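These numbers were taken from a predicted model, which means no experiment stands behind them.
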Amino acid sequence: MTKIPEKNYDPKSFETRIYGEWERAGCFHAEVDPSRAPYTIVMPPPNITGQLHMGHALDQTLQDVLIRVKRLQGYSTLWLPGTDHASIATEVRVAEEIREKEGKTKDEIGRDGFLKRAWAWRELYGRRITEQQRRLGASCDWERERFTMDEGLNKAVVEQFVRLYEKGYIYKGNRMINWCPVCGTSLSDAEVEHEDVDGQYWYFRYPAADGKGGIVVATSRPETMFGDTAVAVHPDDERYRDMIGKTVVLPIVGREIPVVADTYPDPEKGTGAVKITSAHDPNDFEVGERHGLERIVCIGFDARMTEEAGKYEGMDRYECRKAWVDELTRGGYLVKSEKVSIPVGVCYRCNAAVEPMLSDQWFVKMEELAKPAIEAAKDGSLKHVPERFEKVYLHWLDDIRDWCISRQLWWGHRIPAYYCDACGEVVVARERPESCPACGGAMRQDEDVLDTWFSSALWPFSTLGWPEKTPDLDYFYPTSVLVTGYDIIFFWVVRMVFSGLDVMGEVPFGSVFVHGLVRAGDGAKMSKSLGNGVDPIEVIDGYGADALRFMLIDGSAAGNDMRFTTDKIESARNFANKLWNASRFIIMNLGEGGAEAVPPLEGVDAGRLRDEDLWILEKVARAAEDITRNIESFDLSVATQKIYELIWNEYCDWYIEFVKPRLSGDDEGDKETARAVLISALSDLLRLLHPFMPFITEEIWSFLGKGGRLITDRWPIAAGGGADGAGRNAGAGRTRGEAEAFERAYAKIELVKDIVRAVRGMRKDAGAAPSRALPIVIKPEGAELGAGMETLIGKLANVSSVTVATDGGAQPDDAVSAILTGLTVFVDAGDLFDYEAERERLGKEEDRLEGNIARLRGKLSNEGFTSKAPEHVVRVERDKLASEEDAYGKVLARLASIEGK
RNA sequence: GGGCGUAUAGCUCAGCUGGUUAGAGCACUUGCCUUACAAGCAAGGGGUCAUAGGUUCAAGUCCUACUACGCCCACCA
């Protein structure tokens with residue numbers, strides 16, 4: 001008894017089940033296997049801050065497609081999953097939760113209590129994320145799942161920190177850093193975003209100390225005036241030459257500050273004189289360094305004014321600004337002010353305005369580390385797809401500054417630095433020292449944790465076991481490709497590359513495959529605050545994971561943003577439904593013995609194969625090669641379009657229709673042949689589609705009696721020089737005779753399609769009722785009409801009889817005609833025929849051909865074209881002209897023959 | 001200030017290294033419940049590929065300029 005699929009495509013009925021089967025069978029597990037080439041992708045670990053969004057779904061789908069293709073091609077494929085602790089983001093969320101649930105602050109709970117709750121959070125959200133990934137069909141090796149704060153990774157982080165410290169690449173220094181007053185921590189440059197806000201320039205007069213004149217400076221941040229330590233002017237600026245070396249007085253504050261000459265001020269800008277606040281601005285800091293200025297901190301870590309601000313001490317920085325400007329204005333120091341747009345740095349997590357601050361922090365010296373990373377992109381060992389992203393990568397590295405890696409947070413890898421309070425000794429070590437090596441006193445560990453990206457930077461090798469020398473690391477590193485969004489190129493890609501080169505001496509991946517954002521239907525960025533996010537799980541519930549996956553890949557080019565619309569997801573779901581029903585039809589027609597009784601294609605006598613059989617096999621073979629090429633060059637959406645077209649418009653629309661009469665016929669042998677070809681072609685279609693729609697393809701596969709699982713079956717054709725060198729290309733190994741037979745059959749069936757389409761069109765034009773079968777006459781004019789052509793046409797065009805009008809044979813005048821390449825088709829529409837309509841029809845054709853012929857003649861009479869264009873291009877144009885002229889002649893003749901009727 | 005992207009059918013988008021008459025999905029028109037599929041079948045309509053130059057035998061595709069929108073980077077007081 002043959003098992004037949006349910007009538008309706010219902011992804012819910014099998015997706016979860018199939019995933020479980022794959023997982024239990026160990027299909028995702030990768031083995032170190034020296035006999036095969038490895039193919040490795042480390043998953044960009046999603047943050048445990050929440051759940052997966054549409055961007056993750058895209059990211060994961062792309063990786064899964066690549067992994068599944070390579071798995072089918074016979075590589076030992078490892079897709080290593082994991083999650084990221086996302087230090088600052090998670091800390092903020094956990095603190096929020098604690099405030100809501102317990103009404104307490106972080107400090108009230110304490111470090112240990114906080115970490116306990118953070119780990120609980122990690123358990124909950126980490127699991128939720130991996131469940132969502134399973135729903136999507138991610139075929140990653142769960143046995144190798146990692147977390148950026150697990151024990152092994154902590155070991156890697158400590159090891160790398162110590163190594164860099166010992167090399168002198170990590171240092172602690174009192175430098176200008178970005179401070180987020182809300183998150184209460186320092187930030188790296190990458191973590192600061194720039195926003196333009198409405199602001200103002202205030203021009204204030206700083207009187208000269210000697211009472212003669214003064215200098216007007218412009219500022220957008222008057223409140224930093226309390227920290228001013230100089231006024232700088234350009235040495236060549238005539239206006240201020242006399243002032244250099246003198247001192248001016250800070251209005252109201254009364255403190256005297258020097259006027260220094262420095263090349264930093266641009267005479268063109270503002271007044272050409274710049275107030276220098278060496279403790280609150282990176283540029284001013286440098287000017288201060290050059291001139292040995294003191295640093296006065298007037299804004300504290302809480303974004304409130306310090307005692308340096310006198311009576312404003314304790315006031316918020318922006319409130320102080322207002323009050324202070326008022327006071328200066330009243331004092332007559334304000335010269336003018338103007339509204340202007342000011343770029344301000346904000347925290348990428350909480351959006352608060354970042355304050356440049358002087359602070360003791362740990363840094364990674366970037367200059368030496370960046371060099372090989374730049375080199376890798378330039379010498380091609382690291383390729384970006386699409387290429388344009390290499391610019392983004394290089395640009396970031398080119399003017400990179402030292403990386404501030406310490407964070408004043410609790411959730412993260414604690415810095416392995418230890419201090420002796422007794423003698424001031426600092427020890428950076430893999431293990432906590434028992435006591436101070438200098439004085440024997442007690443050691444205290446640094447309170448701070450590391451930037452979350454410090455651990456992410458090690459991800460491609462730390463997850464494979466580094467610093468241990470493991471077989472995994474040896475076999476799977478370097479990884480094959482990194483798939484990620486363009487928005488985290490410098491957060492992550494750059495840092496992985498320089499870390500990989502530093503630690504392993506090799507780039508962590510040869511290619512970076514960059515994708516864009518998934519936007520809402522109106523083009524807006526999906527975001528929580530806008531509430532326009534689409535939950536991938538809800539989409540999967542409604543349409544199936546396969547539809548979501550297909551939709552995410554189809555119809556968007558690599559690196560470009562895409563919009564999520566129901567149109568698209570429905571279209572993808574409909575495609576799945578189409579495949580489902582076609583497969584169902586085939587399975588229903590397998591006969592008594594079911595799938596097992598159908599012989600494999602190799603078991604069918606080649607002589608039994610009909611033209612349409614050869615045609616579909618050839619179609620599939622050609623498409624398979626194309627699709628493989630597209631996938632290998634990361635043109636995944638091109639690949640999906642081709643497979644969509646192949647399945648729907650060739651296999652379903654034509655082949656299945658061609659074969660229907662045979663399936664209901666009496667010739668058992670022929671029936672068997674048709675079944676064998678149907679299944680063979682379908683199998684390849686399933687293989688080709690599987691990476692994109694893994695569930696439905698696996699489910700259908702299980703009905704085909706082929707045994708095994710599709711996920712671990714084989715790709716239709718061998719990878720170019722890949723792991724599977726068996727040369728399984730469907731067209732490979734054919735004899736010359738066979739190849740010619742395929743060619744002939746292919747051309748013949750394409751002609752049949754043209755005839756069918758022409759007849760359908762003519763029937764419609766004539767207004768023939770769909771149920772009314774009409775006789776047709778085919779007049780061959782050079783085309784080879786094989787036997788069996790008539791039956792193929794008859795059924796598909798609703799034709800009652802096909803007469804081949806051999807030379808001299810009857811050629812009806814009172815029939816609708818269509819002139820095709822190598823033949824003319826007449827539809828005997830009987831009472832519906834109308835000479836006037838026929839003439840109109842032919843007239844249109846005449847016009848069209850005239851246009852074409854004129855264009856082609858022009859082209860071919862162009863000496864430049866015939867002499868310079870490649871031979872095959874010219875030949876195609878010549879052939880085209882010849883056939884158009886031929887058709888034109890026939891149209892004229894036909895018009896003449898019915899003239900006056 | 002620097003860099004990048006996008007502009008192709010009413011809408012959303014493909015179009016790889018330049019080479020037939022520029023494609024798809026949705027929408028639209030017409031006709032169909034044809035025993036796999038109305039989430040479907042069949043036949044159609046619809047585009048001077050943003051604009052202006054240029055290179056070339058040949059440009060949606062390459063170059064230059066320009067316009068509009070979008071994004072990224074940036075230490076302009």
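Nucleotides B:rG46 and B:rG25 have their C1' atoms positioned 15 Å apart, rounded to a whole Å. Comparing B:rC66 with B:rA52, their P atoms are spaced 16 Å from each other, to the whole Å. Here, B:rC26 and B:rG18 have their P atoms 32 Å apart, quoted to the whole Å. Separation of the P atoms belonging to B:rG54 and B:rG60 is 15 Å when rounded to the nearest angstrom. Taking the P atom of each, B:rC16 and B:rC69 are spaced 28 Å apart, rounded to whole Å. Using C1' as the reference atom, B:rU51 and B:rA74 are 31 Å apart when rounded to the nearest Å. When the C1' atom is used for both B:rA38 and B:rG31, the distance is 14 Å, rounded to whole Å. Spacing between B:rC49 and B:rC13 at atom C1', rounded to whole Å, works out to 13 Å.
For A:Arg573, no side-chain nitrogen or oxygen approaches OP1 or OP2 of B:rA39 to under 4.0 Å. Between B:rC75 and A:His194, a contact under 4.0 Å exists linking OP1 or OP2 to a side-chain N or O. Under 4.0 angstrom from either OP1 or OP2 of B:rC41 there lies at least one side-chain N or O belonging to A:Lys578. OP1 or OP2 of B:rC13 sits under 4.0 Å from a side-chain N or O of A:Arg563. OP1 or OP2 of B:rA39 has not a single side-chain nitrogen or oxygen of A:Trp648 nearer than 4.0 Å. When the side-chain nitrogen and oxygen atoms of A:Asn560 are compared with OP1 and OP2 of B:rA14, one or more of them lie within a distance under 4.0 Å. Contact check, A:Arg388 against B:rC4: no side-chain N or O comes under 4.0 Å of OP1 or OP2. Listed pair A:Asn574 / B:rG40 meets the phosphate criterion, a side-chain N or O lying under 4.0 Å from OP1 or OP2.
Using modelled atom types, one finds no donor on one side chain facing an acceptor on the other under 3.5 Å when comparing A:Asp554 with A:Ser637. Side-chain contact, A:Tyr348 with A:Glu193: no donor N or O sits under 3.5 Å from an acceptor N or O.
The nearest whole Å value for the distance from the CG atom in A:Asp567 to the P atom in B:rG10 is 16 Å. One atom, CZ of A:Phe550, and another, P of B:rU12, lie 21 Å apart when rounded to the nearest Å. The CG-P distance, from A:Leu856 to B:rA58, rounds to 16 Å in whole Å. Rounded to whole angstrom, the span from the CZ atom of A:Phe564 across to the P atom of B:rC13 amounts to 14 Å. To the nearest angstrom, P of B:rC75 lies 16 Å from CD1 of A:Ile276.
Evaluated for a side chain to side chain contact (heavy atoms under 4.5 Å, CB included) with A:Glu632, the options A:Asp635, A:Asn630, A:Thr628 yield exactly one hit, A:Thr628.
For B:rG25, the paired nucleotide is B:rC11, the pair qualifying as Watson-Crick or G-U wobble because both relevant distances are below 3.5 Å. Using N1 to N3 plus N6-O4 or O6-N4 for Watson-Crick, or N1-O2 and O6-N3 for G-U wobble, each under 3.5 Å, B:rC71 pairs with B:rG3. Both distances falling under 3.5 Å, in either a Watson-Crick or a G-U wobble arrangement, occur for no nucleotide opposite B:rC33. For B:rA77, there is no paired base (Watson-Crick or G-U wobble, both distances below 3.5 Å). In a base pair of the Watson-Crick type (N1 to N3 plus N6-O4 or O6-N4) or a G-U wobble (N1-O2 and O6-N3), with each distance short of 3.5 Å, B:rA65 is matched with B:rU51. Partner assigned to B:rC16 is none, using Watson-Crick or G-U wobble distances below 3.5 angstrom.
Residue A:Asn862 is in sugar-phosphate contact alone, with no base atom involved, counting any heavy-atom pair closer than 4.0 Å across all strands shown. A:Trp396 comes within 4.0 angstrom of sugar-phosphate atoms only, judged by non-hydrogen atoms across all strands, and of no base. Within 4.0 Å of A:Ser571, counting heavy atoms only, lie sugar-phosphate atoms of the nucleic acid but no base atom. Residue A:Lys660 is classed as a base contact, given a heavy-atom separation below 4.0 Å to a base. At a threshold of 4.0 angstrom between heavy atoms, the contacts of A:Asp653 are confined to the sugar-phosphate backbone, with no base atom among them. Here A:Phe575 lies out of heavy-atom contact (under 4.0 Å) with every strand. Residue contacts shown for A:Lys764 include a base, since a base heavy atom lies under 4.0 Å away. No contact: A:Phe389 has no heavy atom under 4.0 Å from any strand. The residue A:Val392 sits apart from the nucleic acid: no heavy atom pair falls under 4.0 Å. Base engagement by A:Pro870 is indicated by at least one non-hydrogen atom pair under 4.0 Å involving a base atom. Looking at heavy-atom distances under 4.0 Å, A:Ala557 makes contact with sugar-phosphate atoms alone, never a base. Across all strands shown, A:Glu871 has no heavy atoms under 4.0 Å from either base or sugar-phosphate atoms.
Around atom CZ of A:Arg205, no more than 12 heavy atoms belonging to other residues, nucleotides or ligands sit under 6.0 Å away.
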### Task
Show the numbers, then the answer: is there a salt bridge (charged side-chain N to carboxylate O under 4.0 Å, His left out) between A:Glu845 and A:Arg848?
CA-CA 5 Å; A:Glu845 188 65 3; A:Arg848 189 184 67 84; 2.9 Å; yes

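A:Phe692 and A:Phe550 have perpendicular rings, their planes meeting at more than 60° on a 0 to 90° scale where under 30° would count as parallel. Note: A:Tyr486 and A:Phe389 have parallel aromatic rings, judged against thresholds of 30 and 60 degrees for the angle between ring planes.
Out of B:rC72, B:rA74, B:rA36, the shortest distance to the side chain of A:Met588 is found at B:rA36. Comparing B:rA14, B:rU20, B:rC73 by their closest approach to the side chain of A:His395 singles out B:rC73. Considering only side-chain atoms of A:Val873, the nucleotide from B:rA36, B:rG25, B:rG19 that sits closest is B:rG19. Here the side chain of A:Lys391 is nearest to one of B:rA36, B:rG3, B:rC73, namely B:rG3.
Both A:Ser633 and A:Arg760 lie close to RNA chain B; mapped to their nearest nucleotides by heavy-atom distance, the more 5′-ward contact belongs to A:Ser633. Summary of the strand contacts: A:Pro11 and A:Arg757 both lie near RNA chain B, and taking for each the nucleotide with the nearest heavy atom, the more 5' one is attributed to A:Pro11.
Cation-pi check for A:Lys578 over A:Tyr651 is not met; the charged atom does not lie both under 6.0 angstrom from the ring centroid and within 45 degrees of its normal. Annotation: cation-pi geometry not satisfied between A:Arg321 and A:Trp202 (NZ/CZ under 6.0 angstrom from ring centroid, within 45° of ring axis).
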